[in-house]
S.K.: 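Handing you a structure now.
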Amino acid sequence: MITLKSAQEIDMMREAGQIVGQTLQILRKAIKPGITTAQLDALAKRKIESCNAQPAFLGYRGFPASICASLNEEVVHGIPGLRRLKNGDIISIDVGVYYKGYYGDAAVTFPVGEVSLQALELLEVTEQSLHEGLSKAYPGKRLQDISHAIQNYVESRGYSVVRNYVGHGIGSEMHEEPQVPNFGLPGKGPRLEAGMVLAIEPMVNVGTWEVETLKDDWTVVTADRSLSAHFEHTVAILEDGPTILTLMQED
Ligand code: MG
């Protein structure tokens, strides 16, 4: 069942989302060659807890850290650790926050130092695909209008969208109905209504859309080890259109 949120609930979710956005901003500034993903995780945990919020991913199905940190060919769910970022890497950071009963969830792929033109284009295409999806997030449209807009844009640029992982409704649970695939057919799926809050999160690969999971049982990588990027926002659909709850921002 898809639960619609009241204006007051959306305001609460905006507070959770602001903490997500502020955390991503701190990480954006900290990301440089030499820092470890465990150090980034510690920065995020400290920020989230300083806001009297909880890192939503910590302990989720046994996940051992506060953020997901996925490098290069890693798609999602990378575990922070002692690896140091190198010039030319790209790193996808996913942040989830639980605050006063509501969740916020967002992801950004950042360049580390100077990256290849191909990597830069991948980031640009993935971020833009999220906005293509948002352009369909209006009451009266169908869910897969969002999905199709993302897929169509990504594939028109010569990249592929991951099929095995999808976006989701979000609210008092981190994962609620409906699923929000990054591929689909226009005019299909549930009708969008004011009060829906969705985590829209295209995962885009340079090569094949196929992925596999590493032996740590978490890290998802592209099957052909090509680069992958991930952009996500928690988005509320209002009467007059979408509003992003997790914008990257200063405190
Ligand atoms: Mg998500």
Side-chain angles (χ1 to χ4, degrees), residues 2-3 5 10 12-24 27 41 44 48 53-70 74-80 91-99 101-110 126-127 129-134 137 143-144 146-147 150-151 154 161-184 189 192 196-205 209 211 213 218-220 228-237 242-248:
I2 300 174
T3 60
K5 278 74 180 177
I10 289 171
M12 297 296 296
M13 293 193 71
R14 199 182 292 279
E15 291 186 35
Q18 275 169 359
I19 300 170
V20 174
Q22 290 168 356
T23 303
L24 283 166
L27 297 178
D41 184 64
I48 293 166
Q54 290 164 27
F57 302 157
L58 184 61
Y60 181 81
R61 297 188 183 173
F63 190 75
S66 296
I67 61 171
C68 299
S70 308
E74 297 170 4
V75 180
V76 286
H77 304 164
I79 301 173
I91 181 165
S92 301
I93 304 277
D94 200 337
V95 174
V97 160
Y98 182 68
Y99 182 67
Y102 293 94
Y103 285 90
D105 188 3
V108 177
T109 304
F110 297 101
T126 309
E127 185 168 22
S129 76
L130 173 52
H131 291 282
E132 297 292 325
L134 278 171
L143 183 84
Q144 288 190 33
I146 297 174
S147 311
I150 292 170
Q151 178 181 24
V154 167
V161 291
V162 170
R163 306 290 200 273
N164 306 50
Y165 299 87
V166 298
H168 48 94
I170 180 167
S172 57
E173 304 287 337
M174 187 157 60
H175 296 113
E176 298 184 355
E177 287 187 50
Q179 292 198 344
V180 185
N182 299 303
F183 55 95
L192 301 177
M196 287 183 180
V197 183
L198 305 174
I200 304 175
E201 50 174 321
M203 290 148 259
V204 173
N205 301 345
W209 58 266
V211 298
T213 304
W218 278 107
T219 312
V220 176
S228 185
H230 181 203
F231 281 80
E232 173 180 28
H233 273 306
T234 297
V235 176
I237 299 177
T243 183
I244 296 174
L245 304 182
T246 45
L247 281 178
M248 222 185 322

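Scope of the values below: all heavy atoms of this structure, side chains included, with no hydrogens, waters or symmetry mates. Numbering of ligands and ligand atoms starts at 1, following listing order. Along the sequence shown, residues carry numbers from 1.
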S.K.: For F63, give me all partners under ring-ring contact (aromatic ring centres under 6.0 Å, His included), at least two apart in sequence or on another chain.
M.R.: W218
S.K.: Tell me whether D41 contacts the main-chain N or O of I67 through its side chain, where contact means a donor paired with an acceptor under 3.5 Å.
M.R.: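 Side chain of D41 to backbone of I67, a donor-acceptor pair under 3.5 Å: yes, one is there.
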S.K.: List the residues meeting salt bridge (charged side-chain N to carboxylate O under 4.0 Å, His left out) with E132, not counting sequence neighbours, and say none if there are none.
M.R.: none
S.K.: Has N182 got a side-chain atom pairing as donor or acceptor with Q151's backbone, closer than 3.5 angstrom?
M.R.: no
S.K.: Sum up the protein N, O or S atoms located under 2.8 Å from the Mg ion (ligand 1).
M.R.: 4
S.K.: Say whether, by atom type as modelled, one donor and one acceptor occur between the side chain of R163 and the main chain of V161 under 3.5 angstrom.
M.R.: yes
S.K.: Do any side-chain atoms of residues 102-110 form donor-acceptor pairs under 3.5 angstrom with protein atoms, and if so which ones, sequence neighbours left out?
M.R.:
residue : atom : partner : partner atom : Å
Y102    : OH   : E9      : OE2          : 3.0
D105    : OD2  : H168    : NE2          : 3.1
T109    : OG1  : S92     : OG           : 2.8
T109    : OG1  : H230    : N            : 2.8
T109    : OG1  : H230    : O            : 3.0

